[in-house]
Amino acid sequence: MADTASRIIPTDPLFSSQWHLYNTGQINGAVAGYDINVTPVWGDYTGRGVLIAAIDDGFDETHPDLVNNYRKDISWDLGLNRQGAAAVGAGDKHGMSVAGLIVETANNGIGGVGVAWGAQLVGYRSSLIKSNIVSDFSNAVSRMLTAGAAVSSNSWGIMDTPFDAQGSQAELVLATYKLASQGRNGLGIVTLFSAGNDRQVGADTNYDPTNNLPFAISVAASKANGLITGYSTPGASVLVTAPGSDPASIVTTDRLGTAGYNTAAGTVGNYTDTSESAFNGTSASSPIAAGVVALMLQANPNLGYRDVQEILVYSSKRAVFLNQDGVETTFNTAKNWNGGGLLTGHDFGFGNIDTLAAVRLAETWQKSSTISNLKILDGSVLQKSMSVAAGAEAVAKAHFTTNARVEQMTVTIDLDATRLQDLKLELIAPGGTSSTLINYPQPTDTDGKAANLPTHVSYTLDTVRDWGEALAGEWTIKATNKITGSAVTLNNWSIKAYVADAAIPQAQIFTDEFSTFITLQTGRTTLASANGTQINAAAVTSASTLDLS
């Protein structure tokens, strides 16, 4: 972490309460240092020149802490089909807090600040009703492309019960593909979605199509001690974690006066700075991460959307999760992160976002990874169908022969299950890394009320856990059916690999966590050129010695 002297500390009166930006241990349960490490970056980058799109339930377009960075002229109400994205009803308050987290103005004597307080925000208002939000999102795509947006922030999902929205998956995939392939002159708009707040009801990001997209980033939520919140939805598709708070403690903009979360009259009601009004959830973590992406894109406007994903994978901090009870950690078989494999987890993805590390890698990034040089390869499935009796396990295998480096893997299934809650489905890579794709989904809705699960699932499941691994070899899906279950029939399945155009990574990447991980795996101290012919230590902030003998 950079020295305090190099930090930019805004003068805004509520900045001292924004622990997600600068954590000094100022709230109960906070541990100093567990923030997004952004204050050392603001001296160089504030997001200037970057346009961020937020789709939400409306914005207070006259808020004095937002108006300078808000593009009302190109904002749009998707439901009412008119210019502007102003909040309409009393319930429209979520979007205003999201907006402030991204672009709240700095050093203006009021409120706090946003992560990318030099960027601009275009708003798209939706009712966020689950029956129409997907079509609203699709309609916003063309507007984002026309407006020249670089980042798309989405703090919403569409799942009520596991897989109940499977019919919307194809439309979401197409919409995010358009953003990735057509945005920023082919570099791709970087799209982020909140991972969801349904951990306590057994949810998984793979059950909601918004969190299961190879062209978008799924963001989990951490609290002020760096650990995963009690609500953040886990899953193999989670890429990164950002502050969400637990309990609620995120300070951001609110609707003016009595409208919004803070119902106090006058200017004291303009921010979520009371215990009763504080914002939280993965609804906070996604826009915070979106602000970080804006800083990365200002640092290097030539980054492709896949470069942004990969930089977040390699720059995020994750050692804190090694000892968190109930949180799974796995070293995958990549070779180029701190001398070895990437630590990953279904709960936190590849760790807590670190702005300084991400920006330093962005500055030194020497490739441009886009749709145009992405390879999507089909695996050769050896057994397309199988039946799994109650109390049994079964496996089916597929092969890849191409020597390629994995970014993401998807598995498409067509299955029948009378009791889906008794099924666990895993994808096991050639090197042994396991991704849980279905994890005994609970027959409840997101409010914890009893609900029916579908008996037929036709759906594609995504995992990022194999990032950096070698593709060639045998990939296995493993189905486990509880003894209480009835037979599960996998009618058909297929597997695709989303891989880099070069099998060997250009660089071996080192971060400040190198010293931690060599104590766990001493082999990390020996480097081989086969794992990358360049060394990128731009994310390291302490003195380092390299022995190249």
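No hydrogens, no waters, no symmetry mates; every other heavy atom, side chains included, goes into these values. Quick note: residue numbers are just sequence positions, from 1.
Within 6.0 Å of the NZ atom in Lys130, the count of heavy atoms belonging to other residues, nucleotides or ligands exceeds 12. The environment of CD in Glu363 is crowded: more than 12 heavy-atom neighbours from other residues, nucleotides or ligands sit within 6.0 Å.
Judged by distance alone, with hydrogens and angles left aside, the side-chain atoms of Thr252 form a donor-acceptor pair with the main-chain N or O of Leu101 at under 3.5 Å. Judged purely by atom type and a 3.5 angstrom limit, Asn373 uses its side chain to pair as donor or acceptor with the backbone of Ser368. Although no hydrogens or angles enter the test, the distance criterion places a donor-acceptor pair under 3.5 Å between the side chain of Asp35 and the main chain of Asn37. The main-chain N or O of Ala362 is found under 3.5 Å from a side-chain atom of Asn300 such that the two form a donor-acceptor pair. Gln298 places no side-chain N or O within 3.5 Å of a backbone atom of Tyr45 that could act as its donor or acceptor partner. Put simply, the side chain of Glu469 gets close to the backbone of Thr333: a donor and an acceptor are under 3.5 Å apart. In this structure, Asn531 contributes its side chain and Asn336 its backbone to no donor-acceptor pair below 3.5 Å. At least one donor-acceptor pair under 3.5 Å links the side chain of Asn23 to the backbone N or O of Tyr34. Looking at Asp354, its side chain does come within 3.5 Å of a backbone N or O of Leu356 through a donor-acceptor pair. Side chain of Gln18 to main chain of Gly112: no donor-acceptor pair is present (N/O by atom type, distance under 3.5 Å, no hydrogens or angles).
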Practice task
Could you go through the side chain to side chain contact (heavy atoms under 4.5 Å, CB included) check for Ser152 and Phe137 one step at a time?
Solution key: CA-CA 10 Å; Ser152 171; Phe137 180 65; 4.2 Å; yes
Handout entry: Derivation of the side chain to side chain contact (heavy atoms under 4.5 Å, CB included) call for Asp198 and Met159
Key = CA-CA 10 Å; Asp198 304 314; Met159 180 186 75; 4.2 Å; yes
Exercise for the section: Could you give me the CA-CA distance, side-chain angles and deciding distance for Asp273 and Ser17, then say whether side chain to side chain donor-acceptor pair (under 3.5 Å) is met? Expected result: CA-CA 8 Å; Asp273 60 330; Ser17 299; over 6 Å; no
Practice task
Would you sort out whether Phe279 and Val98 count as a side chain to side chain contact (heavy atoms under 4.5 Å, CB included), showing the intermediate values?
Solution key: CA-CA 9 Å; Phe279 198 58; Val98 165; 4.3 Å; yes
Problem - Residue pair Leu121, Tyr70: steps toward the side chain to side chain contact (heavy atoms under 4.5 Å, CB included) verdict - result: CA-CA 5 Å; Leu121 183 85; Tyr70 178 71; 4.2 Å; yes
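Side-chain contact check for Ser232 and Asp347: no donor-acceptor pair (N or O, by modelled atom type) lies under 3.5 Å. With 3.5 Å as the limit, one finds a donor-acceptor pair spanning the side chains of Thr541 and Asp512. In summary, the side chains of Tyr271 and Asp65 do present a donor paired with an acceptor at a separation below 3.5 Å, with no hydrogens or angles considered. A side-chain donor from one of Gln26 and Thr24 sits under 3.5 Å from a side-chain acceptor of the other. Side-chain contact check for Asn332 and Thr330: no donor-acceptor pair (N or O, by modelled atom type) lies under 3.5 Å. Using modelled atom types, one finds no donor on one side chain facing an acceptor on the other under 3.5 Å when comparing Thr241 with Ser222.
Residues Arg255 and Asp92 are not paired through a salt bridge, judged by the lack of any N-O separation under 4.0 Å between the basic side chain and the carboxylate. Salt-bridge check for Glu61 with Arg125: failed, with every basic side-chain N at 4.0 Å or more from each acidic carboxylate O. Here Arg360 pairs with Asp44 in a salt bridge; the nearest charged N to carboxylate O distance falls below 4.0 Å.
Each of Val251, Asn280, Ile27, Thr229 was checked for a side chain to side chain contact (heavy atoms under 4.5 Å, CB included) with Ser245, and the lone residue meeting it is Asn280. The residue from Asp136, Asp57, Ile158 that alone fulfils the side chain to side chain contact (heavy atoms under 4.5 Å, CB included) condition with Leu128 is Asp57. Considering Val308, Thr370, Leu187 in turn, Val308 is the only one that fulfils the side chain to side chain contact (heavy atoms under 4.5 Å, CB included) rule with Leu303.
Contact annotation: the side chain of Val151 approaches that of Leu192 to within less than 4.5 Å [non-hydrogen atoms, C-beta and beyond]. Annotation: side chain of Tyr305 is not in contact with side chain of Thr191 (no heavy-atom distance under 4.5 Å). Annotation: side chain of Arg199 is in contact with side chain of Ile228 (closest heavy-atom distance under 4.5 Å).
Of the inter-residue distances, the one linking Leu51 atom CG with Asn69 atom CG reads 11.0 Å to the nearest 0.5 angstrom. Taken from CG in Leu527 to OG1 in Thr525, the straight-line distance is 8.0 Å, to the nearest 0.5 Å.
Checked against ring pair (Phe, Tyr, Trp, His ring centres under 6.0 Å), Phe517 has the following partners two or more places apart in sequence or in another chain: Phe331, Trp337. The ring pair (Phe, Tyr, Trp, His ring centres under 6.0 Å) check on Trp42 picks up Trp117, with sequence neighbours excluded. Not a single ring pair (Phe, Tyr, Trp, His ring centres under 6.0 Å) links His20 to another residue, sequence neighbours left out. For Tyr498, the ring pair (Phe, Tyr, Trp, His ring centres under 6.0 Å) criterion is met by no residue, not counting sequence neighbours.
Under the salt bridge (charged side-chain N to carboxylate O under 4.0 Å, His left out) criterion, the residue pairs touching residues 304-315 are Arg306-Glu407, Glu310-Lys367, Glu310-Arg405, with sequence neighbours excluded. Screening residues 282-294 for side-chain hydrogen bond (donor to acceptor under 3.5 Å, both in side chains) gives His94-Ser283, Asn197-Thr282 as the qualifying pairs, with residues at least two apart or on separate chains.
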